[in-house]
Amino acid sequence: MPEGPELHLGSLYVNKMCAGVVFTGPVRKSEVSKSPDVPFTCEAYRITAISRGKEVKLTLTPMKSDEPKQRSKAGQADQAMDVVFRFGMSGCFRFTTEDELPKHAHLRFYSKETPCRVLSFVDTRRFGSWQPNGTWQPDRGPCIMFEYESFRKNVVTHLSDRTFDRPICEALLNQKYFNGIGNYLRAEILYRLNIPPFVVARSVLEGLESEDLFDNEKPVKAEVRDTKDSDRVKKVKKEMGDLLRLCHTVPLEVVNLGGKGYDPQKNDYSAFKAWLQCYYVDGMKSLRDHNGRTMWFKGDPGPMATKDLKSPKVKKRAMKTEDHDYTDKKKGARGGRAHERRRWSNRESKTAKKEEVSSLKETEESEKVKTPQQKKRTAARGRKTSCAEPAAGPEKRSGRVTRQSSK
DNA sequence: CGTCCACGTCTAC
DNA sequence: TAGACCTGGACGG
């Protein structure tokens, strides 16, 4: 569940499910978790949640006991405790009965009911974490969704920061300035404005105002209409506002979808899939950024692009002979993908893997010489050699993502 | 069976 | 700025 919208939806979920529920006893941690114990135990307490960017804070609030304070049992909390969560790649909250505990429920809060219910922090991959008596992480900036004005100001007043020397798509993942933006949001946001992902961040941000002058003109609207490309640019300017505004409104659209956001396991994932216009969408291009993350986009990648493995899309598909309007679209597309994949694997993955440094180098040099980027490019590639690979083609994942372009 | 990929940080060279 | 940290689904052989 992990970008800003999912974290916020998680907090809404906790508040909704736990409204009126009384919890009791200690907070329990799974054996395998490396996050800290939560030293809180209480005969009767409540749980509420609030989110900020990519964090959620749970507040455990002891209920007033009838006993006089002196007589309350030792070790029982009488003070509220905050626990701040980060979700990593797979964290989420779930509220279930005790015997339906999800797999990977690494932190658990038990209700006082019978049968007992449990609020669990579930995290398959365990990249998430929590901090008892925690506070918002100090290096993270204001929330893109719920601290919009200070978020804008924080960016606009720090444009000299080296962060903004980076391509815009990479700057957008810096949580010091864009707390809540993640990989699918950066793609969706840049796509809406037709901004090439690999242009210098500063160049697209300078000139923007601290105040959102656009703010009063139009309400935040989660309107996603089919528009022709030619119209899109105009529409963008007229109805959407600037990049910083979209860092605010686009995540809110996901919140307003009312589902779970990005969560392929869930039934209501289809609404989210349908909402995506670029990320993992068939026909879009993708490229690794300098940190090895897949950037989805359309059109011009921009001057700072890695000369890295690229997505297939139209051009490469055209190379596929059996490509033209097969009915079994998936199958055909996948075949194309696999083909592409093998090519690159042979060229890079294999050679790189076998300590063939020289041949790897050759491959790189042979591409083209771009002096300033050479180094980064090499680095980016090198990093990926162990799983050297073109960015996954859209076709390959078409099952996971709405195919807007089909038909 | 094996390889690659995934919504994100962290921290050691 | 490479890995490290993890599990599991999709796909290929």
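A straight line from CD of A/Glu3 to P of B/dA6 spans 13 Å, rounded to a whole angstrom. Distance A/Leu276 CG to B/dA6 P: 14 Å, rounded to the nearest Å. For the pair A/Met89 CE and B/dC4 C1', the interatomic distance rounds to 13 Å; values are reported in whole Å. A/Met295 has its CE atom 13 Å from the P atom of B/dA6, to the nearest Å. Between the CG atom of A/Asp289 and the P atom of B/dT9 there is a distance of 13 Å, given to the nearest Å. One interatomic measurement links the two molecules: NZ of A/Lys54 to P of B/dT9, which rounds to 4 Å at whole-angstrom precision. The CZ atom of A/Arg293 sits 17 Å away from the P atom of C/dG3 (whole-angstrom rounding). One atom, OH of A/Tyr262, and another, C1' of C/dG9, lie 11 Å apart when rounded to the nearest Å.
With P as the reference atom, C/dC5 and B/dC13 are 12 Å apart, rounded to whole Å.
Taken residue by residue, residues 99-109 of chain A places heavy atoms nearer than 4.0 Å to DNA chain C at A/Lys103, A/His104. A heavy-atom distance below 4.0 Å to DNA chain C is reached by none of the residues of residues 173-189 of chain A.
By the side chain to side chain contact (heavy atoms under 4.5 Å, CB included) test, A/Val118 is found to be paired with A/Glu98, A/Leu101, A/Arg108, A/Tyr110, A/Cys116, A/Ser120, residues two or more places apart in sequence or in another chain being considered. Every residue two or more places apart in sequence or in another chain that forms a salt bridge (charged side-chain N to carboxylate O under 4.0 Å, His left out) with A/Lys29 is listed here: A/Asp37. With sequence neighbours excluded, no residue forms a salt bridge (charged side-chain N to carboxylate O under 4.0 Å, His left out) with A/Asp300. A/Phe40 meets the side chain to side chain contact (heavy atoms under 4.5 Å, CB included) test with A/Val27, A/Val38, A/Cys42, A/Tyr45, A/Leu60, A/Pro62, A/Ala77, A/Met81; sequence neighbours excluded. With sequence neighbours excluded, the residues that form a salt bridge (charged side-chain N to carboxylate O under 4.0 Å, His left out) with A/Arg117 are A/Glu113.
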TODO: Could you walk me through whether A/Arg86 and A/Asp123 pass salt bridge (Lys or Arg N to Asp or Glu O under 4.0 Å), step by step?
DONE: CA-CA 10 Å; A/Arg86 262 152 276 132; A/Asp123 184 9; over 6 Å; no
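Between the side chains of A/His8 and A/Ser51, a donor-acceptor pair is found at a separation under 3.5 Å.
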Shorter than 3.5 Å, N or O on both sides, protein versus nucleotides 10-13 of chain B: list them out with atom names.
| residue | atom | partner | partner atom | Å |
| --- | --- | --- | --- | --- |
| B/dC10 | OP1 | A/Arg86 | NH1 | 2.5 |
| B/dC10 | OP2 | A/Gln137 | OE1 | 3.3 |

- [ ] Report the secondary structure of DNA chain B in dot-bracket form, marking unpaired bases with a dot and bases paired to a different strand with |, and treating Watson-Crick or G-U pairs with both distances under 3.5 Å as paired.
- [x] ||||||.|||||.
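You'll find the side chain of A/Leu190 stays beyond 4.5 Å of the side chain of A/Val204, heavy atoms only.
Using a 4.0 Å cut-off, no side-chain N or O of A/Ser90 falls inside it from OP1 or OP2 of C/dG8. Contact annotation: A/Arg125 does not reach the phosphate of B/dA6 (side-chain N/O to OP1 or OP2, under 4.0 Å).
Listed by first and then second residue, the salt bridge (charged side-chain N to carboxylate O under 4.0 Å, His left out) pairs that reach into residues 12-23 of chain A come to none, sequence neighbours excluded. Applying the side-chain hydrogen bond (donor to acceptor under 3.5 Å, both in side chains) test to pairs two or more places apart or on separate chains, those with a residue in residues 178-190 of chain A are A/Glu6-A/Tyr184, A/Arg140-A/Asn179, A/Asn183-A/Arg186, A/Arg186-A/Asp289. Residue pairs satisfying the salt bridge (charged side-chain N to carboxylate O under 4.0 Å, His left out) criterion with at least one member in residues 194-205 of chain A, sequence neighbours excluded, are listed as follows: A/Asp165-A/Arg202.
When the options A/Leu287, A/Asn194, A/Ile195 are evaluated for a side chain to side chain contact (heavy atoms under 4.5 Å, CB included) with A/Phe297, the one that passes is A/Leu287.
Relative to the six-membered ring of A/Trp296, A/Lys285 misses at least one condition, a distance below 6.0 Å or an angle of at most 45° to the axis.
One finds the CG atom of A/Asp161 at 7.5 Å from the CG atom of A/Asn174 (value rounded to the nearest 0.5 Å).
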